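The structure appears right after this line, and notes come after that.
Only this structure's heavy atoms are used, side chains among them; waters, hydrogens and symmetry mates stay out. Computed from a prediction, not measured in an experiment: that's the story for all the values here.
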Amino acid sequence: MGLMNTIFGNVSEMNTEELQQEFAPLLCDGERIERAYKLIRDKWIFTDKRLIIQDVQGVTGKKRDYHSIPYRSVEHFSIETAGTFDTDAEMKIWVRGCAVPVEQNFGRNSNIKEIQKMLARYVLSC
């Protein structure tokens, strides 16, 4: 399903243990990656403190933009589950100071409700 997710613009889940080492230079002491998703070369990393969006740029992919959204900056969020004819689920996150939400599509097999539950746990505890 990985190829189909890529074609339709949906993310697929990644192994968090491998990413913990890759992202170690960006993480605070004791910060841990909870869930991670990849779309072609870009990544959405949910830690216990923030959401990190990695945007890989350029032909070689050596240039990378890291966008960090602390959970305390999230004003509200929504999920839309996949339907009978829908092939994807969608998440929108509104960040304080931004009129347009950060959006991402997830594949039909992604547990979008579990992602929402994890996000709620961190946003509501701030």
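- D55 meets the side chain to side chain donor-acceptor pair (under 3.5 Å) test with Q57; sequence neighbours excluded.
- Y37 and F46 have perpendicular rings, their planes meeting at more than 60° on a 0 to 90° scale where under 30° would count as parallel.
- Under the salt bridge (Lys or Arg N to Asp or Glu O under 4.0 Å) criterion, K92 pairs with E90, not counting sequence neighbours.
- L119 and I69 end up in the same hydrophobic cluster when Ile, Leu, Val, Met, Phe, Trp and Tyr side chains are linked at under 4.5 Å.
- Through direct or indirect side-chain contacts shorter than 4.5 Å among Ile, Leu, Val, Met, Phe, Trp and Tyr, L19 is connected to M14, F23, L26, L27, I33, I45, I52, Y66.
- Taking every heavy atom of both residues into account, V123 and Y71 meet most closely at CG2-O, 4.0 Å.
- With rounding to the nearest 0.5 angstrom, the CG atom of N111 is 9.5 Å from the NZ atom of K117.
- One finds the CG atom of N105 at 9.0 Å from the CD atom of E80 (value rounded to the nearest 0.5 Å).
- For the atom pair I79 CD1 and Q104 CD, the distance stands at 14.5 Å (nearest 0.5 Å).
- For residues 17-33, the pairs satisfying side chain to side chain donor-acceptor pair (under 3.5 Å) are E22-K43, E31-T47, E31-R50, R32-E34, R32-D48, with sequence neighbours left out.
- A single hydrophobic cluster is seen to contain both Y122 and V102, as judged by linkage of ILVMFWY side chains at heavy-atom distances under 4.5 Å, directly or through other members.
- For I112 against M91, the heavy-atom pair with the smallest separation is CD1-CB, 4.2 Å.
- Every pair tested for side chain to side chain donor-acceptor pair (under 3.5 Å) that includes a residue from residues 93-103 fails, sequence neighbours excluded, so the list is empty.
- One finds the CD1 atom of I93 at 4.5 Å from the CH2 atom of W44 (value rounded to the nearest 0.5 Å).
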